[in-house]
Colleague: 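Let me give you the structure first, and then I'll get to my questions.
Chain A is the first sequence line, chain B the second, and so forth, proteins listed ahead of strands; every chain is numbered from 1.
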Number of protein chains: 2
Amino acid sequence: MPRPKSLTQSQVTDAALAVIDRDGLTALSMRAVAAELGMATMSLYRYVTGRDELESLVAERVLGSLDITPPPGEPWQEQVAALLVRLRAAVAAHPEALPLILTHRHDSPGAWRWAEAVLTVLHSAGFTGRQRLVGLRGLVSYLMGALQTDRLGPPSGAADAGEHPLLADIVRQAKDLSPDDEFRNGLDLLLRGLADHLA
Amino acid sequence: MPRPKSLTQSQVTDAALAVIDRDGLTALSMRAVAAELGMATMSLYRYVTGRDELESLVAERVLGSLDITPPPGEPWQEQVAALLVRLRAAVAAHPEALPLILTHRHDSPGAWRWAEAVLTVLHSAGFTGRQRLVGLRGLVSYLMGALQTDRLGPPSGAADAGEHPLLADIVRQAKDLSPDDEFRNGLDLLLRGLADHLA
DNA sequence: CCTCGTAGGAGTGCGCCGTACGCTGAACGA
DNA sequence: TCGTTCAGCGTACGGCGCACTCCTACGAGG
């Protein structure tokens with residue numbers, strides 16, 4: 001009987017993500033999202049209980065869109081790697097939203113589905129429950145840390161070479177290694193460690 | 001000639017860290033720090049250029065207090081592990097300050113000294129420049145991610161067992177594994193991968 | 001076709017935040 | 001004693017998240 005809603009929760013979420021991508025996470029405010037939609041600030045509260053829920057929705061938007069079917073016919077290492085690379089890509093598509101995703105990854109259905117997929121691969125590969133625990137946590141920690149590192153960019157080069165020659169060398173070498181390759185190399189370290197455990 | 005300062009920058013930093021430890025990072029405000037010191041808000045600006053500098057100082061307080069001498073006579077794995085465990089302990093002593101530390105770790109002299117120490121161990125162990133790059137970045141990413149994971153606590157158990165049996169199993173098993181042991185186990189995965197590279 | 005209950009958009013205001021600016025008065029050399 | 005300098009602080013401003021209150025206009029019952 002009454003007037004129909006003119007927006008959906010999904011549209012509000014999109015607007016929030018657009019603000020974050022364009023102006024950064026610090027620019028995210030109810031006022032900014034409302035402006036993005038051409039509405040009054042308080043109108044948003046018809047679709048969302050508050051800022052916290054809006055943040056959850058943004059995180060779930062990113063985490064819930066993952067393809068969690070591991071590439072068939074590959075060894076378990078490649079299947080795990082593919083799942084990690086996909087998650088990394090999805091988050092890296094919205095680098096400014098990273099802190100939100102880190103905060104909400106423990107109450108996101110999308111993140112649960114992804115974790116279950118990784119665990120399924122490890123289970124099929126023959127890892128015990130304890131090994132799966134250590135493996136998943138290690139992989140996820142590495143991924144989250146790597147995303148954070150990428151987002152901050154290089155160490156600003158302020159470390160002077162005289163006092164920290166090896167660190168300066170690292171900064172120099174990092175220029176010739178793409179973030180994607182670097183991530184994959186670090187990931188291989190973990191996968192190698194896991195394979196040793198299996199044997 | 002004028003009235004002497006009644007505080008030091010260090011005392012202001014301590015007060016900020018006290019506020020963070022007691023009431024959380026969101027409670028950190030210039031007003032709160034001033035109240036902690038029994039001063040008016042604007043008095044703080046005599047010691048600190050603004051909130052940003054205060055945050056840097058807090059991060060440096062944590063990162064700059066690290067013992068960076070690796071335990072002598074141990075194999076390189078144990079030396080690297082010790083450095084990582086120490087950094088983890090220092091940050092975990094102020095869990096609420098973690099986001100600050102993550103943000104400022106690239107412009108912190110204390111963090112540079114620590115990184116140089118890790119690289120020195122890897123260099124002595126015979127790793128090439130490229131291997132040191134991948135190794136350090138992998139180790140640091142894992143550490144940062146693990147700290148983040150610990151801070152968030154367990155996955156809130158909301159993942160229902162029916163849909164995600166393996167994940168539910170992980171949550172159950174995690175209860176019997178202390179965060180310290182879990183960290184060390186994940187770290188061993190990386191160290192094992194590194195050792196393989198060396199051979 | 002008219003009427004009217006109600007869903008929902010918009011305005012206002014409160015209590016926080018960081019911080020720019022300007023005043024007051026204490027401490028010390030002359 | 002006086003002058004100078006600067007520590008400490010009061011005020012004010014613009015921005016934030018959010019609670020509350022009005023007013024609009026939609027669409028079903030008669």
Side-chain angles (χ1 to χ4, degrees), chain A residues 1-61 96-97 99-104 107, chain B residues 1-61 96-101 103-104 107:
Chain A
M1 156 158 42
R3 186 161 75 191
K5 285 180 191 268
S6 57
L7 256 49
T8 65
Q9 206 180 48
S10 178
Q11 285 175 281
V12 177
T13 306
D14 286 343
L17 196 47
V19 169
I20 292 171
D21 287 342
R22 177 162 27 85
D23 303 322
L25 185 57
T26 60
L28 178 67
S29 73
M30 301 305 274
R31 282 167 167 82
V33 175
E36 182 80 16
L37 291 164
M39 309 200 89
T41 308
M42 291 312 294
S43 306
L44 298 182
Y45 288 85
R46 297 281 175 193
Y47 303 94
V48 148
T49 64
R51 189 198 168 101
D52 283 354
E53 193 189 48
L54 183 54
E55 292 186 354
S56 284
L57 288 168
V58 169
E60 188 61 27
R61 160 75 34 114
E96 294 290 343
L100 254 72
I101 294 165
L102 291 176
T103 308
H104 290 99
D107 47 60
Chain B
M1 161 161 30
R3 187 160 68 186
K5 287 182 192 270
S6 58
L7 258 47
T8 66
Q9 204 180 51
S10 178
Q11 285 176 281
V12 176
T13 306
D14 287 343
L17 197 48
V19 169
I20 292 172
D21 286 342
R22 176 163 24 85
D23 302 323
L25 186 57
T26 61
L28 178 67
S29 74
M30 300 304 276
R31 283 168 170 81
V33 175
E36 182 79 16
L37 291 164
M39 307 202 86
T41 308
M42 292 312 294
S43 306
L44 298 182
Y45 288 84
R46 296 282 175 196
Y47 301 93
V48 147
T49 63
R51 188 199 168 101
D52 283 354
E53 192 188 47
L54 183 53
E55 291 186 353
S56 285
L57 288 169
V58 169
E60 189 60 28
R61 159 76 33 119
E96 295 290 341
L98 178 62
L100 252 65
I101 294 164
T103 307
H104 289 98
D107 47 60

Colleague: When you measure from the side chain of Glu96(B) to the backbone N and O of Asp21(B), does any donor-acceptor pair fall under 3.5 Å?
Modeller: no

Colleague: Both Pro4(B) and Ala40(A) contact DNA chain C. Taking the nearest nucleotide for each, which residue is further toward the 5' end?
Modeller: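 Looking at DNA chain C, the more 5' nearest nucleotide goes with Ala40(A).
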
Colleague: Checking contacts here: which listed nucleotide (dC9(D), dA19(D), dG9(C)) is nearest the side-chain heavy atoms of Met42(A)?
Modeller: dA19(D)

Colleague: Under 4.0 angstrom, heavy atoms only, what part of the nucleic acid is Leu44(A) near: base, sugar-phosphate, or nothing?
Modeller: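 No contact.
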
Colleague: By nearest atom, which of the nucleotides dC18(D), dG9(C), dC9(D) is closest to the Tyr47(A) side chain?
Modeller: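 That would be dG9(C).
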
Colleague: Between Leu54(A) and Met30(A), is there a side-chain heavy-atom distance shorter than 4.5 Å?
Modeller: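 Met30(A) vs Leu54(A): side chains touch.
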
Colleague: Over how many whole Å does the gap from Leu7(B) atom CG to dC6(D) atom P extend?
Modeller: 19 Å

Colleague: Across the strands shown, which category fits Leu54(A) at heavy-atom distances under 4.0 angstrom: base, sugar-phosphate, nothing?
Modeller: nothing

Colleague: Ignoring hydrogens and angles, are the base of dG18(C) and the side chain of Arg31(B) linked by a donor-acceptor pair under 3.5 Å?
Modeller: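 In this structure, the two groups form a donor-acceptor pair.
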
Colleague: Are Leu28(A) and Arg51(A) close enough that some pair of their side-chain heavy atoms sits under 4.5 Å apart?
Modeller: yes

Colleague: Among the candidates dA7(D), dG17(D), dG8(C), find the nucleotide nearest to the side-chain atoms of Arg46(A).
Modeller: dG8(C)

Colleague: Expressed in angstrom and rounded to an integer, what is the separation of Met39(A) atom CE from dG11(C) atom C1'?
Modeller: 15 Å

Colleague: Does Ser43(A) have a side-chain nitrogen or oxygen under 4.0 Å from the phosphate oxygens OP1 or OP2 of dG8(C)?
Modeller: no

Colleague: Okay, side chain of Glu53(B), backbone of Thr49(B): is any donor-acceptor separation there less than 3.5 Å?
Modeller: yes

Colleague: Taking atom P of dG8(D) as reference, at what distance in whole Å does atom NZ of Lys5(B) sit?
Modeller: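 Those two atoms, NZ and P, are 7 Å apart.
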
Colleague: Does Met30(A) reach a base, just sugar-phosphate, or nothing at all? Heavy atoms under 4.0 Å.
Modeller: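 Result for Met30(A) = sugar-phosphate.
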
Colleague: Contact class for Thr41(A) (heavy atom, under 4.0 Å): base, sugar-phosphate, or nothing?
Modeller: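 No contact.
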
Colleague: dC16(C) P sits how many Å from Asp23(B) CG, rounded?
Modeller: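 To the nearest whole Å, that distance equals 14 Å.
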
Colleague: Report yes or no: does Tyr47(B) contribute a side-chain atom to a donor-acceptor pair with the main-chain N or O of Val12(B) at less than 3.5 Å?
Modeller: no

Colleague: With a 3.5 Å cut-off and heavy atoms only, can you find an N or O donor on one side and an acceptor on the other between the side chain of Arg51(B) and the base of dG18(C)?
Modeller: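 Under the 3.5 Å cut-off, the side chain and the base do not form any donor-acceptor pair.
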
Colleague: Within the structure shown, what part of the strands sits under 4.0 Å from Ser29(A) by heavy-atom distance: base, sugar-phosphate, or nothing?
Modeller: sugar-phosphate

Colleague: Is any side-chain N or O of Tyr45(A) closer than 4.0 Å to OP1 or OP2 of dC18(D)?
Modeller: yes

